[in-house]
Amino acid sequence: MKWLRRPSWFALLLTAAGALLFIRLGVWQLHRADEKDEILRRYAAAENEAPRDFAAVAAKPPMDAFARVKVQGEYVTGRLYLLDNPKHDQRGGVEVYAPFRPRSGDRLLLVDLGFLPGNGTDEAPQVPPLSTSEQDLQGLYLPAPGVGFQMGGNALARQSHWPKTTVYLDLSQVAADLGQALYPQVLVLDEDPAAIYVRQHTIDFSAMPPARHRAYAFQWFTFAVAAVVILLVLHRRRPMKTTDKP
């Protein structure tokens with residue numbers, strides 16, 4: 001190509017490495033978008049399934065699906081946990097969790113009762129007392145909310161009054177606080193118009209939805225093209241200047 005100067009090996013290797021890196025990052029973003037689409041699809045499918053017996057999936061939840069279950073037992077009264085200010089329509093409030101003792105089982109099951117909106121103050125909403133009679137519950141058996149870095153360590157161990165408040169729900173900390181083993185996931189109750197709690201549960205991908213992953217993928221692929229274009233522009237032959245003889 002007469003219009004292009006031969007680039008050095010260093011320039012070629014640098015451009016190739018950069019372009020391959022950008023392409024790899026773009027492909028990874030596309031894979032993450034597909035993974036989240038699949039999670040949302042499985043979640044939507046689980047909401048329409050007939051509930052199965054909790055004992056069938058209690059200790060070993062399915063890895064490729066969300067189980068909708070039904071369980072009988074009693075609440076452990078007087079032991080409530082408030083997940084402070086979860087993302088729920090951008091409103092302040094708490095997600096309320098209660099330990100539940102299944103009729104047949106060797107552990108406690110943590111139940112997500114639902115969301116209580118805040119009252120505009122720093123005080124937690126008033127939580128109604130739990131029923132002491134036997135309950136028939138059904139809902140989705142899901143992983144607990146994610147755990148992040150906790151400033152100051154375990155907040156539950158420092159509290160002596162119930163309900164206890166935390167910004168992260170760590171099942172191992174809850175189990176230690178209760179002094180009893182817990183099942184590996186939590187039961188998210190089905191929506192109930194008669195309940196005081198808001199139970200409109202969804203998988204929260206608001207920070208990074210699938211569409212945003214695809215936007216980032218397009219950005220990385222654009223960077224790969226830009227790297228090649230920059231190489232070509234920098235090694236483009238400049239036209240020779242001609243001078244007029246007198």
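Computation of the quantities below employed the complete heavy-atom set of this structure, encompassing side-chain atoms and omitting hydrogens, waters and symmetry-equivalent molecules. Counting from 1, the numbers follow the sequence of the chain as shown.
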(request) Kindly assign one of parallel, tilted or perpendicular to the pair F22 and W220, based on the angle between their ring planes and the thresholds 30° and 60°. (result) parallel
(message) Treating K70 as the side-chain partner and P51 as the backbone partner, does any N or O pair qualify as donor plus acceptor under 3.5 Å?
(response) no
(request) For the pair R68 (side chain) and E49 (backbone), establish whether a donor and an acceptor sit closer than 3.5 Å, ignoring hydrogens and angles. (result) yes
(message) Counting only heavy atoms from other residues, nucleotides and ligands, does the tally under 6.0 Å from OH of Y197 exceed 12?
(response) yes
(message) Taking P61's backbone N and O only, do any of them form a donor-acceptor pair with Q185's side chain (distance below 3.5 Å, no angle check)?
(response) no
(message) Return the CG to CG distance between L178 and L156, rounded to the nearest 0.5 Å.
(response) 9.0 Å
(request) Spell out, as yes or no, whether a donor-acceptor pair under 3.5 Å connects the side chain of Q135 to the backbone of S133. (result) yes
(message) Would you compute the distance between atom CZ of R158 and atom OG1 of T166 and round it to the nearest 0.5 angstrom?
(response) 9.0 Å
(message) Return the CG to CG distance between D112 and L83, rounded to the nearest 0.5 Å.
(response) 8.5 Å
(request) Verify whether the ring centers belonging to Y183 and Y141 lie closer than 6.0 Å. (result) no
(request) Would you check if T222 and Q219 make a side-chain contact, meaning some heavy-atom pair closer than 4.5 Å? (result) no
(message) Contact between L116 and V198 at the side-chain level, heavy atoms closer than 4.5 Å - yes or no?
(response) no
(message) I'd like to know if L30 and L21 are part of one continuous hydrophobic network [Ile/Leu/Val/Met/Phe/Trp/Tyr, side-chain heavy atoms within less than 4.5 Å].
(response) no
(message) Test your reading of the model: is there a side-chain donor-acceptor pair from R199 to the backbone of L113, 3.5 Å cut-off?
(response) yes
(message) I'd like to know if R103 and E134 make a salt bridge, using a cut-off of under 4.0 Å between side-chain N and carboxylate O.
(response) yes
(message) So does M208 get a backbone contact from the side chain of K36, meaning a donor-acceptor N/O pair under 3.5 Å?
(response) yes
(request) Output yes when R214 and D34 qualify as a salt bridge under the 4.0 Å nitrogen-oxygen rule, no when they do not. (result) yes
(message) Can you tell me how far apart CG (L110) and CG (L187) are? Round to the nearest 0.5 Å.
(response) 9.5 Å
(request) Look up atom CZ in R101 and atom OG1 in T77, then write down how far apart they are to the nearest 0.5 Å. (result) 9.5 Å
(request) Determine whether Y97 and V174 make a side-chain contact, defined as any pair of heavy atoms from C-beta on separated by less than 4.5 Å. (result) no
(request) Report yes or no: do D177 and Y81 form a side-chain donor-acceptor pair below 3.5 Å? (result) yes
(message) What's the separation between atom OH in Y75 and atom CG in L80, rounded to the nearest 0.5 Å?
(response) 9.5 Å
